[in-house]
Structure formats: structure tokens, C-alpha cells
Amino acid sequence: MKIALLSDVHANLRALEACLAHAAAQGAGRLAVLGDLVGYGAQPAEVVRRIRGLAGEGAIVLKGNHDEYAVAPPSQARSLDQSGAAWTHERLDQDALDFLAALPLTAAVDAALLVHASADAPERWHYVDNEHRAETCLDAACSNPAVRYVLCGHVHEQALYFRGAGQGLMRFAPTPGVPIPVPPHRRWLATVGSVGQPRDGDTRAMYALFDTGRAELTFHRVAYDHLAAAADVRAAGLPDHLAARLEAGL
């Protein structure tokens with residue numbers, strides 16, 4: 001089975017549709033959305049509606065920090081992550097808010113644990129962005145001996161970590177479109193990147209495809225009309241820096 005792993009859509013419907021079409025062309029038989037359906041982007045209601053439909057067809061959908069903020073916006077925003085939560089909340093109907101509120105923080109698929117942030121404390125939204133954080137996350141997940149893979153979002157970059165000959169984890173930078181063998185005799189952790197807001201200087205959307213039968217993980221980049229997505233942000237009256245991020249991939 002090929003599982004398409006999409007995360008951090010951030011209310012960017014154009015990027016979401018591009019990744020869904022690409023995954024279908026690659027033969028994906030199942031979808032998993034690893035959180036942050038909303039936040040930053042101009043189309044929260046449309047994205048939640050689309051992903052609710054996918055969930056009704058069997059997709060796994062997890063909760064991210066932006067989804068939580070959208071359900072219950074903080075009275076005083078303490079970070080950029082929280083600053084647009086009230087705007088998003090006002091554009092979601094009660095069904096959409098109830099859907100986001102009920103999303104789980106983790107899910108298991110065979111030997112894989114899916115989580116938005118870090119498995120050691122998924123509700124605290126730790127970033128798995130270096131070898132130390134990856135080791136903490138992987139160790140927590142692998143307290144269940146059946147877990148061989150941890151698949152995360154939140155970071156907005158694509159990376160693969162594995163335990164090498166020594167005790168620490170090693171980080172591997174994947175090449176888009178090139179399958180990577182991930183045999184289950186090792187334990188692996190991947191951050192699958194962001195569909196709707198890449199931050200590595202490349203404007204293309206990100207997702208990953210996990211072939212469970214072949215034990216291969218392929219990281220993909222998908223071109224979409226990012227300039228139109230930036231124009232959507234400006235037309236919605238959101239801060240200009242959110243549009244500029246899409247234009248630059250930062």
C-alpha cells in the first residue's frame with residue numbers, strides 16, 4: 001500500500017489540490033493528513049471542507065497546533081502561530097470547528113506512528129528539527145516495540161533520520177522523487193514537509209509517499225500556482241508578509 005503523507009496545508013487549497021493530484025498519479029491508495037489544516041492561508045473553510053470529505057472516504061487526519069488555535073483562539077496572541085487564529089475561527093462554521101476539535105493527536109498505521117509534532121509530548125507542539133529532538137521523539141514512539149517508523153509534520157522541511165552504527169541518530173537530506181529504502185530492521189523518523197507553506201527557499205509544495213510493501217519512502221515536491229495563492233492571501237486582507245512567504249518559499 002502507498003500512503004500519501006500530507007502535512008501543514010495551512011489553508012492553501014491550490015497547493016493541497018496539486019499534491020492530491022500528484023499522489024493519485026503516483027498510485028497512492030490511502031491518505032494521511034498530519035495536521036495544520038488551517039492557519040496563515042486564505043481558504044480555511046474550503047480546505048477543511050475538502051479534507052473532511054477525504055476523511056469520510058477513509059483518510060487519516062490529525063490535529064495540529066493551528067487547528068487547535070482556530071477552535072479556541074487565545075485571548076492574547078503570544079506568537080506568530082497564534083496571531084491569525086481569530087481570523088480563521090471567524091471563517092469556519094460550527095461543523096468545521098467541531099471536526100477540528102475532534103481530531104486526534106496521533107494515529108497508528110501498521111508499524112508507523114503518525115504525529116503532527118513530536119511523539120514524546122504531541123500536545124506541546126515540539127519541533128523535530130534536529131538530531132536531538134528526533135531522538136527524543138523516536139525513543140518515545142518506540143517505547144511500543146511494534147513501531148518502526150515515526151512520520152511527522154510541523155517543521156515545514158523534509159528530512160529523514162535513522163540510527164546508524166553508533167548510538168545517535170543521523171540526518172539524511174532526501175532528493176525529491178528518489179525512493180529511499182527504509183527497511184524495518186532499523187527505526188526511522190521522517191518530517192514530510194509542508195503542503196501549503198514550504199520554508200526552504202523552494203516554492204513547490206511538499207509531501208511524501210510511503211510504500212509499505214516495498215519499505216520505501218519518497219519525498220516529493222509539486223509545482224503549483226503559488227503566485228495565485230499569494231494573491232489569494234492579499235485579497236483576503238491578511239498580512240502581506242504571509243503572501244510574500246508563499247512567493248519566496250520562506
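Model, not experiment: these values are computed from the prediction.
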Given the rule that I, L, V, M, F, W and Y join up when any side-chain heavy atoms are under 4.5 Å apart, are V61 and V115 in one cluster? no
In plain terms, say whether D240 and R245 are close enough for a salt bridge, that is, a side-chain N and a carboxylate O under 4.0 Å apart. no
Here the gap from L114 atom CG to L62 atom CG, rounded to the nearest 0.5 Å, amounts to 6.0 Å
Passes salt bridge (Lys or Arg N to Asp or Glu O under 4.0 Å), D139 versus R187? Steps please. CA-CA 10 Å; D139 286 348; R187 288 192 167 104; over 6 Å; no
Quick one about N12 and Y224 (side-chain donor to acceptor, distance below 3.5 Å, no hydrogens or angles considered), yes or no? yes
Under the side-chain hydrogen bond (donor to acceptor under 3.5 Å, both in side chains) test, which residues partner D8, sequence neighbours left out? H10, H156
Carboxylate-amine/guanidinium contact R133 D120, below 4.0 Å: yes
Reported NZ-to-CD distance for the pair K63 and E123, which is rounded to 0.5 angstrom: 11.0 Å
Check whether any side-chain heavy atom of I60 lies under 4.5 Å from a side-chain heavy atom of R30, and answer yes or no. yes
Quick one: sort the W188 and F162 rings into parallel, tilted or perpendicular, breaks at 30° and 60°. tilted
Do K2 and E216 meet the salt-bridge criterion of a basic N to acidic O distance under 4.0 Å? no
Can you run down the side-chain hydrogen bond (donor to acceptor under 3.5 Å, both in side chains) pairs that involve residues 14-29, sequence neighbours left out, and say none if there aren't any? R14-D232, E17-R50, H22-Y207
Mind checking whether Y161 and V150 have side chains closer than 4.5 Å, heavy atoms only? no
